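Have a look at the structure below before the remarks.
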Amino acid sequence: MRAGGFPEKQVRARALGGAAEAFPPVETYGHEVFGQDTSGPDPRGDELDAARLVPPVFMPLRLEKLIDLGREPLQSDVDLRTTIGGFSSALPVFLSAFGSTRIGSSEVSVAASRQAGALGIPMVIGENVVPVTGYRRDPSATTGMLARLRAYLDAADPSLGGVVVQQSTEDADAEVWNLVYSDPAAEPLLAGGRLGFELKVGQGAKPGLGGLTVLDRATAARVSEQFALDDLWSQGPGVLRSGSPGTFTDEILRQQIRFMRNNFPRARIWVKLHPGRDVAQAAACAWEAGADAVTVDGAEGGTGWAPRAFLDHVGLPLAECLRRIGSPAGCLLATGRVWEGVRAVKALALGATAVGLGRAALTAVDADPEHGLRRLVECLAFEVQLLTSALGKYTPAALSGEDVWFPGAADTVPRLRESLT
């Protein structure tokens, strides 16, 4: 598996080395001095990557923590436990949806599910899995939705995490939510309040489009009545399968959420938005209608197949989405090129409750199917503790916009000369 345009090498190193990868190679200690590296070309990134975290000198919350502990606080005193869309989570992190792509539907996704359960973080199962691969009621099946549910439940602490099942237009035709909600295999999740349903309005890789995958000709023929097919590679073995993005207005979105709450009262309700120009209005609408969480997928996000034009030119960057939403009225989840603690802390400071791992998770599990995601997340969590403590705060919820500085932003801090007049 490859992840072009993504820091694949660094993710694989973390999947194999864990939290030690937060530092330079230990062999260089005592032989090299360290500082910001400006010798090479500027790394490819976005506005969120360019922003800097800015610790203050005076830290009243650190004083509060000192008094509470009776000693000077350390990074290990940062409590990362949180609530994500109604689920208790060990960390402000969740496993993003992979969809029905070949990689996302493989045993890699089952291994990722198992490790997410062990980590105590929520997991989202992507749309179009059932229409393409089937529900897989066969207990011996090693892939598919039920295989992922079983893997997660087998490894999870009953008090942590949860599973969220996405549904798109084609999933609705297949009654995916009804299948899951009534299946005895999902009862442990329902009984523990750990099952959720996510209405997929869009995603960062292809805003305004539905799911796009390449199917072999036999599978394409089987789903031809459910999906649009384009034979773009007439001499090849694959056929393009296109899903419908669905049609939404504010009233349609409100009614969809009300329908979900009425028909599935024991499930948490999530909504996933693509990075549209009216993302703030859409998020507010979802929260007002009763959504437990709104996920905003920045234009940098996506694990699925997408046209090149969309990957580079369509949708708002994650930083702009967070800026437009401002102070969220509910649980806001952020996804889009998250793989390490710095980007995670910036997103948390800009209003997100948690961040999602998509490409990073798949890459980590591909590097080590048994422990790759766990090590990647442990490194991310260690960095989040270091950075949050450096900002003089001891929970992710305490982070705020004052902790982030964007190059070129107006300087709102009064100069010393002005403060003395």
Side-chain angles (χ1 to χ4, degrees), residues 10 13-14 17-37 48-84 88-94 118-121 157 159-160 322 327 331-332 334 338-355 357 374-406 409 411-416 419:
Q10 295 95 313
R14 287 168 176 239
E21 291 298 319
F23 294 94
V26 69
E27 296 81 9
T28 63
Y29 184 78
H31 304 283
E32 188 174 334
V33 292
F34 301 95
Q36 183 179 8
D37 184 5
L48 202 58
D49 288 329
R52 296 185 70 90
L53 294 170
V54 283
V57 174
F58 300 126
M59 299 183 177
L61 293 182
R62 179 171 288 179
L63 176 60
E64 289 183 14
K65 194 69 174 177
L66 182 154
I67 295 171
D68 181 50
L69 295 173
R71 60 169 173 79
E72 285 285 351
L74 301 170
Q75 65 267 13
S76 57
D77 296 309
V78 175
D79 186 356
L80 297 183
R81 292 174 297 177
T82 189
T83 299
I84 302 176
S88 296
S89 180
L91 304 165
V93 177
F94 66 97
L119 284 164
I121 61 175
D157 182 318
S159 65
L160 290 173
L322 297 174
S327 180
C331 178
L332 174 64
V338 178
W339 64 278
E340 42 73 52
V342 176
R343 191 173 178 86
V345 168
K346 292 173 184 176
L348 295 173
L350 294 174
T353 298
V355 295
L357 301 179
R374 178 181 61 80
R375 292 195 189 106
L376 174 72
V377 172
E378 286 176 354
C379 187
L380 183 152
F382 181 58
E383 286 178 323
V384 171
Q385 285 185 308
L386 288 169
L387 294 164
T388 305
S389 175
L391 292 163
K393 298 175 179 181
Y394 293 90
T395 64
L399 297 168
S400 66
E402 67 181 355
D403 298 318
V404 185
W405 173 79
F406 288 92
D411 184 4
T412 59
V413 180
R415 298 181 183 277
L416 177 62
S419 66

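Not measured: the values here are computed from a predicted model.
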Legend entry - CG on Leu61 to CG on Asp68, rounded to 0.5 Å: 12.0 Å

Legend entry - For Asp157, side-chain contact (heavy atoms from CB on, under 4.5 Å) partners two or more places apart: Ser159, Leu160

Inset, instruction - Measure the CG-CE distance between Leu63 and Met59 for me, rounded to the nearest 0.5 Å. - result: 12.0 Å

Inset, instruction - Could you pull out the closest heavy-atom pair between Ala334 and Ala352, with the gap in Å? - result: CB-CB, 3.9 Å

Inset, instruction - Give the minimum heavy-atom separation between Asp77 and Leu74, together with the two atoms involved. - result: OD2-N, 2.7 Å

Inset, instruction - Locate the shortest heavy-atom distance separating Ile84 from Ala354; write the atom from each residue and the value. - result: CD1-CB, 3.5 Å

Inset, instruction - Measure across Arg14 and Cys379 and return the closest heavy-atom pair with its distance rounded to 0.1 Å. - result: NH1-SG, 3.2 Å

Inset, instruction - Taking all non-hydrogen atoms of both residues into account, name the closest pair between Arg62 and Pro73 and its distance. - result: CG-CG, 3.7 Å

Inset, instruction - Report the distance from atom CG of Leu399 to atom OH of Tyr394, rounding to the nearest 0.5 Å. - result: 11.5 Å

Legend entry - side-chain contact (heavy atoms from CB on, under 4.5 Å) involving Ser400 - partner list, sequence neighbours excluded: Lys393, Glu402, Asp403

Legend entry - Residues in salt bridge (charged side-chain N to carboxylate O under 4.0 Å, His left out) contact with Arg374, at least two apart in sequence or another chain: Glu378

Legend entry - Separation of Phe23 CZ from Leu386 CG (nearest 0.5 Å): 5.5 Å

Legend entry - Pairwise distance CD(Glu21) to CG(Leu380) - rounded to 0.5 angstrom: 13.5 Å

Let me have the donor-acceptor pairs involving side chains of residues 341-351, under 3.5 Å, with sequence neighbours excluded, atom names and distances please.
from	atom 1	to	atom 2	distance (Å)
Arg343	NE	Gly336	O	3.0
Arg343	NE	Arg337	O	3.2
Arg343	NH1	Asp46	OD1	3.0
Arg343	NH1	Asp46	OD2	3.3
Arg343	NH1	Asp49	OD1	3.0
Arg343	NH2	Asp46	OD2	2.7
Arg343	NH2	Gly336	O	3.1
Lys346	NZ	Leu48	O	2.9
Lys346	NZ	Asp49	O	3.2
Lys346	NZ	Ala51	O	2.6

Legend entry - Set of residues satisfying side-chain contact (heavy atoms from CB on, under 4.5 Å) with respect to Leu80, sequence neighbours excluded: Val78, Leu91, Pro92, Ala381, Val384, Gln385, Pro396

Inset, instruction - Can you sort out the partners of Arg375 under side-chain contact (heavy atoms from CB on, under 4.5 Å), two or more places apart, ordered by chain and number? - result: Asp368, His371

Inset, instruction - Give me the one residue out of Thr82, Leu119, Ile121 that meets side chain to side chain contact (heavy atoms under 4.5 Å, CB included) with Val93. - result: Ile121

